[in-house]
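Scroll down for the structure; my scribbles are underneath it.
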Amino acid sequence: MEREAALQSYRETVSGKLAEFRSTMEKHLIEHGEYLENIVKSCMELLGEQMEKTGKEYVCFLYLSVLKADLISRKYRIYLHGLDMRWYLDEEPAEAYMDAEELFEPFDRLRNSLEEANSGYGGAVSSYDIQNLLFEELPLIDSMICQILRYRLRDWEEKGIFDTVVRSPYWLLKWGEYRDRSEFLIQTDRVEKPDSAWKEELKKAAHDPEKMVFSYWYKGKCQGKNPQNLDMRFITFEDCVVQDIRFENCNMEGSRFPKSKLNGCSFAGCNLNGADFRNCSFDHTSFAGAELTLAIFPAESIPFLEISAEQLQTIQIYREEQA
């Protein structure tokens, strides 16, 4: 059998195994959400120890990755790479590894089944072909892990997940391929911006659709300039006054408002799936018509927010005694 025909036949033969793996892997990762969170915390503890030993003052850029070189040799572990403000010009980056075999059990089973399915092709399908098939699944795995960790880590400060790592006022955490495709998990920018910055950034967002994604607003006043249909996923307002803004049909999935005051605001038609409003105060603010699945609200504020009976079925209620 010619190689091209053999490879096509092989791909058709294993297509069902790949589809089954994707479904199984998603369920497996969801069930291991706490395990994933603990891996991140353990990685940070190891990184903090290494920074103390080497005298590294701080990190700014943190990357969590699964190295392809590891996967080839069946090493299932997480790599954490910490760099200072110089980014990849940092000559002494901090590094840590954490075993994660339990996380990749479905991936290892897929590898075994792909190798078994190759028995009838007389060498026309090589180990590199199988390796490439496995690598094609990595972006999907990375995307699944990102989605889980974004929500598991949103209260990272209360959980003390990064306490052992000295960070700059601006820092970020990403997950994905090392020095390649990666996605934001957390971005923190605790540098105060002038009050004019809110309107200026919204103007730029009209020409840059992702300008407000993961943007961070700290101890400022965000007032006026009503955004419509903007992508504002995972935006954070920390210790801010958000006043007289009508967010209309904006995608604000995973947004956070720690210690902020919302005055005279409306979120009509917004996607607030997974948004976090704990420790917020509200005045004349409405969530009528917003998507609030898994959004977290303080219990004492709910009666005053125009949240419908249908919306109440989907939100999470936060009480002080939970803290």
Side-chain angles (χ1 to χ4, degrees), residues 151 154-158 169 186-206 211-312 314-323:
Y151 290 101
R154 62 183 172 183
D155 51 354
W156 56 267
E157 200 152 21
E158 291 86 345
I186 296 172
Q187 179 171 261
T188 299
D189 185 4
R190 285 180 170 155
V191 177
E192 295 184 40
K193 299 180 176 67
D195 292 345
S196 60
W198 171 249
K199 293 182 179 180
E200 291 172 359
E201 292 301 294
L202 285 178
K203 286 181 182 178
K204 296 176 184 177
K211 182 67 178 178
M212 303 301 286
V213 177
F214 271 102
S215 62
Y216 206 99
W217 302 88
Y218 179 67
K219 287 189 176 180
K221 188 172 185 178
C222 302
Q223 183 174 13
K225 190 70 177 176
N226 302 324
Q228 297 181 354
N229 304 305
L230 284 185
D231 189 350
M232 307 176 84
R233 286 169 297 153
F234 304 102
I235 190 171
T236 297
F237 298 89
E238 181 180 356
D239 206 1
C240 289
V241 174
V242 184
Q243 184 168 323
D244 300 327
I245 299 178
R246 296 185 62 84
F247 297 92
E248 293 187 5
N249 301 314
C250 292
N251 186 357
M252 303 182 73
E253 176 189 356
S255 52
R256 297 173 61 247
F257 297 78
K259 301 179 184 178
S260 287
K261 299 178 181 178
L262 277 64
N263 302 326
C265 294
S266 170
F267 292 86
C270 289
N271 174 15
L272 288 164
N273 194 319
D276 190 345
F277 294 95
R278 287 176 293 180
N279 304 314
C280 272
S281 64
F282 305 89
D283 184 21
H284 295 92
T285 292
S286 172
F287 293 89
E291 170 56 57
L292 300 179
T293 302
L294 297 179
I296 307 176
F297 288 91
E300 66 274 11
S301 299
I302 289 175
F304 310 102
L305 299 177
E306 297 184 33
I307 295 177
S308 69
E310 291 78 12
Q311 289 172 315
L312 279 172
T314 66
I315 68 172
Q316 294 184 355
I317 300 175
Y318 174 77
R319 293 179 173 84
E320 284 294 333
E321 57 266 24
Q322 295 175 345

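All of these numbers come straight from a predicted model, not from anything done at the bench.
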Counting distance only, does the side-chain N/O of R154 pair as donor-acceptor with the main-chain N or O of D276 below 3.5 Å?
no
Quick note, side-chain hydrogen bond (donor to acceptor under 3.5 Å, both in side chains) partners involving residues 235-245, not counting sequence neighbours, are R190-E238, Y216-E238
The reported gap from SG in C250 to CD in Q228 (rounded to nearest 0.5 angstrom) is 7.5 Å
Restricting to non-hydrogen atoms, name the atom on L202 and the atom on M212 that form the minimum distance, rounded to 0.1 Å.
CD2-CE, 4.0 Å
Looking at residues at least two apart in the chain, or sitting in another chain, which of them share a ring pair (Phe, Tyr, Trp, His ring centres under 6.0 Å) with F234?
F214
Pairwise distance NZ(K225) to OG(S196) - rounded to 0.5 angstrom:
13.0 Å
Side-chain touch F237/L262, heavy atoms, less than 4.5 angstrom:
no
Quick check: closest heavy atoms across L305 and F297, and the distance to 0.1 Å?
CD1-CD2, 3.8 Å
Can you name the one residue among N251, N249, T293 that meets side chain to side chain donor-acceptor pair (under 3.5 Å) with N271?
N251
Taking all non-hydrogen atoms of both residues into account, name the closest pair between C270 and E248 and its distance.
SG-N, 4.2 Å
Run the salt-bridge test on K203 and E200 with the 4.0 Å N-O cut-off and return the result as yes or no.
no
Nearest 0.5 Å, please: how far is OG in S255 from CZ in F277?
5.0 Å
Give the intermediate values and the outcome of side chain to side chain contact (heavy atoms under 4.5 Å, CB included) for residues M252 and I235.
CA-CA 7 Å; M252 303 182 73; I235 190 171; 4.1 Å; yes
Grab the two heavy atoms, one from T285 and one from N263, that are nearest each other, plus how far apart they are.
OG1-N, 4.0 Å
Gap separating the CD atom of Q316 from the CD1 atom of I296, nearest 0.5 angstrom:
5.0 Å
What distance do F287 atom CZ and I315 atom CD1 have between them, rounded to the nearest 0.5 Å?
9.5 Å
Look at the side chain of R278 and the backbone N and O of D155, then say whether any donor-acceptor pair between them is shorter than 3.5 Å.
no
Locate the shortest heavy-atom distance separating D189 from Y218; write the atom from each residue and the value.
O-CB, 3.7 Å
Please find the pair of heavy atoms, one from K199 and one from Q223, that lie closest to each other, and give the distance.
CE-O, 3.4 Å
4.5 Å side-chain heavy-atom contact, Y318 and N279:
yes
List the residues meeting ring pair (Phe, Tyr, Trp, His ring centres under 6.0 Å) with F247, not counting sequence neighbours, and say none if there are none.
F267
If you measure from CD on E306 to CD on Q311, what distance do you get to the nearest 0.5 Å?
9.5 Å
Has K193 got its NZ or CZ under 6.0 Å from the middle of the six-membered ring of W217, at an angle within 45 degrees of the ring axis?
yes
